[in-house]
There are 2 protein chains.
Amino acid sequence: MDNPKYRKRANLRDVAKLANVSVATVSRVLNTPDSVAENTKAVVNAAIAELRFVPSAAARAINSGRSRVVGALVPTLDHAIFARYLAALEQKLSEYRLSLVVATTNGDASVEAQKAQTLVDIGAEGLIVSGITHEPELFELIERCQLPAVATSYFDPDFLLPTIGYDNAGAGRIALEYLLSLGHSAIAVVHGSLNSNDRTLARLKGLEGHDTARLSFFEADLSIEDGCAATNKILSRDDGPTAILCLSDVLATGVLYELKRHKVAVPDDISVIGIDDLPGSAHTFPALTTVHLPVVRMGHATATAISEWIEHGKRPSERLFETDLVVRESTRARTGI
Amino acid sequence: MDNPKYRKRANLRDVAKLANVSVATVSRVLNTPDSVAENTKAVVNAAIAELRFVPSAAARAINSGRSRVVGALVPTLDHAIFARYLAALEQKLSEYRLSLVVATTNGDASVEAQKAQTLVDIGAEGLIVSGITHEPELFELIERCQLPAVATSYFDPDFLLPTIGYDNAGAGRIALEYLLSLGHSAIAVVHGSLNSNDRTLARLKGLEGHDTARLSFFEADLSIEDGCAATNKILSRDDGPTAILCLSDVLATGVLYELKRHKVAVPDDISVIGIDDLPGSAHTFPALTTVHLPVVRMGHATATAISEWIEHGKRPSERLFETDLVVRESTRARTGI
DNA sequence: ATGAAAGCGCTAACAT
DNA sequence: ATGTTAGCGCTTTCAT
């Protein structure tokens, strides 16, 4: 604009020329400034300033062989539990001076495979995926690129990739058994979509094998709104349950709201339990009993694992985090027991 | 491992050698496959497969001068409104074949400046920041790198960077005026931290100049928990307000819960209004009256603007999205008016 | 249709 | 302390 001879971005050579030094010297003031004499340094810095020189990230990357970027593939960002997890992940990665690229898959494995390719195309040095259900292409990509990759939110020591997560089936079981121990047997289960969501599937699996339980199932999208909708379906049935087990706190939050709207008392008329333990769950009214999922610790551990793998080549071993029951006010013993 | 002569990642030359062609030909089968004879293509592809060749992102970037990465600096991921916004942003950016790197600042401008540098170091081609309050270093960096950068969640046509957002002061005003029109005058305002959060500041600003309003202010962290805490403070005062204006729906959600816990009827005893319109806000009990912030459209517009800027060099003009009042069930006319 | 060779912007080994 | 130079892995003329 105001520069007569419009010049593209300056490079090392331009700086070197202007400062009357070699490119090596310029490179040194950038990387090992202590090894350069004060006055030359000053001249070089002046040239850098004058030319508004900014080192090229790509050129650096090509030499170091590093991009310092890791990619995470998550179903969605628009869900508190993933957001929370990613927040922890990003925070820890940044301690390792690694940046986080987020790609959302919408729970679609083929989108995931395609976005994984995009991540490789921008030079991601590591990949983090959710769950263990993926397209073969994803695994081929990881294999072909020899890419450090871990699967999270799931635990399976036999999985191809190291898993860092928790026992989803166990979380479901804990919730169910607590309800059972409270004397409930007619229980409505509200769960997220079964399409390509192994976490939901596993939680459901954890509900099996309890003869005393009379379970009815209600599928819903993972939103407060759908929690409300599921509640209406539950209430419209003759054989009303005495407890509602939600496989996710978001769902449970909707259930709580809708029960309130119908003037159904919780936990007096119906007990409600969730899984997740979102930040808000401790403060709903009534406070939600739930199974705590250690997503923050999982995020930190994942960041550490992938960093170590990238930096030192050591493949992490799988890692299991405990889930635990958090009893609050939305559950109580079945009356008349 | 099982490869006798352990070989590092293969490159174009290795492939060319194995396929008995030149590197140019290999490059062609990668980029313009139609310009290569079928049989040579087959030979080359076989070599690529055998050597498990993966093109280097850095080397591509150095030639194209592109990284296809844009960076976003947000206060936190762990808040529904930002997560929702980023979800929209990422979705649209990916349509432009751009990847999103997320960096969180914790609302700290100096962390922001430092992370912006990190983003530049990995070769980000564009930057997206939140609000208009930043360290001089941030602006210097943007200026020095001639980096396309936009500020979001805020609107100010006079700002150095193009702003793409909404009128925060206006949103505050809309909420207050609605409460006023309902006959409320003693109003408690619950707002987020004032530290380097120009959005909160602006919303507060929008509350000024209404003589009939008797406002009392309560600062809180942006969490359901702190919404509850603020409510307790409000209720403990003698001169109880007839309405509570929350500058964020998360806060309002906490307020709603806590009022319920204290058996204060909403909206009969106290009206509650929020700002944001989170997905869940339509389904709280009672459903929350709030001011809708068009973060999804803002995310899409931001993605489009930064993409066009990066690809075609056209600096976007600022963009203002309307906020609008969504009347639901948590507000009503002050009784006895 | 294919190849040879010149870079892209930087780092690092080797000289001086 | 500073300079020379050879790459890094690819794309892209320019020939053939």
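Only a predicted model underlies this, so the values are computations on that prediction, with no experimental measurement involved. Scope of the values below: all heavy atoms of this structure, side chains included, with no hydrogens, waters or symmetry mates. Lettering follows sequence order; numbering is per chain, from 1.
- Closest heavy-atom contact between B:V120 and B:C145: CG1-SG, 3.9 Å.
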- [ ] Applying side chain to side chain contact (heavy atoms under 4.5 Å, CB included), run through A:R28 and A:K41 and close with a yes or a no.
- [x] CA-CA 9 Å; A:R28 283 187 194 105; A:K41 205 188 304 185; over 6 Å; no

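- If you check every strand for non-hydrogen atoms under 4.0 Å, B:S27 touches a base.
- Among the atoms of the strands shown, base atoms are found under 4.0 Å from some heavy atom of A:V23.
- At least one side-chain nitrogen or oxygen of A:N31 sits closer than 4.0 Å to the OP1 or OP2 atom of C:dT11.
- Between A:L119 and A:L73 there is a side-chain heavy-atom pair separated by less than 4.5 Å.
- Look at CG on B:N20: it is 16 Å from C1' on C:dA1, rounded to the nearest Å.
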Task: Evaluation steps, side chain to side chain contact (heavy atoms under 4.5 Å, CB included), between A:E90 and A:L93 - done: CA-CA 5 Å; A:E90 191 272 344; A:L93 281 177; 5.7 Å; no

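- Rounded to whole Å, the distance from CG on A:N11 to C1' on C:dG7 is 12 Å.
- At whole-Å resolution of the value, CZ in A:R28 and P in C:dA15 are 15 Å apart.
- The stretch residues 116-127 of chain A does not touch DNA chain C, since none of its heavy atoms comes less than 4.0 Å from the strand.
- Contact annotation: B:S22 reaches the phosphate of C:dG3 (side-chain N/O to OP1 or OP2, under 4.0 Å).
- Between B:R13 atom CZ and C:dG7 atom P there is a gap of 17 Å when expressed in whole angstrom units.
- The closest donor-acceptor contact from the side chain of B:R68 to the backbone of B:Y96 lies under 3.5 Å.
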- [ ] Applying side chain to side chain contact (heavy atoms under 4.5 Å, CB included), run through B:V150 and B:T152 and close with a yes or a no.
- [x] CA-CA 6 Å; B:V150 308; B:T152 65; 4.1 Å; yes

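- Following rounding to the nearest Å, A:R60 (CZ) and C:dA12 (C1') show an atom-to-atom distance of 14 Å.
- Remark: B:R66 engages B:E311 in a salt bridge, criterion side-chain N to carboxylate O under 4.0 Å.
- Using cut-offs of 30° and 60° for the angle between ring planes, the B:F159 and B:H134 rings count as tilted.
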Open item on the list: Walk me through whether B:Y154 and B:I164 qualify under side chain to side chain contact (heavy atoms under 4.5 Å, CB included).
Closed with: CA-CA 6 Å; B:Y154 206 97; B:I164 297 180; over 6 Å; no

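- Mapping heavy-atom proximity under 4.0 Å, the span of DNA chain D touched by chain B runs 5' to 3' from D:dC8 to D:dT13.
- Of the residues in residues 36-43 of chain B, none lies under 4.0 Å from DNA chain D by heavy-atom distance.
- Residues B:L12 and A:D34 each lie close to DNA chain D; by heavy-atom proximity, the contact nearer the 5' end of the strand is made by A:D34.
- Side-chain contact of B:T304 with B:S307: a donor-acceptor pair under 3.5 Å is absent, judged by distance alone.
- In this structure, A:L30 places its CG atom 8 Å from P of C:dC10, rounding to the nearest Å.
- No option in B:K115, B:Q114, B:E112 other than B:E112 meets the side-chain contact (heavy atoms from CB on, under 4.5 Å) test with B:T105.
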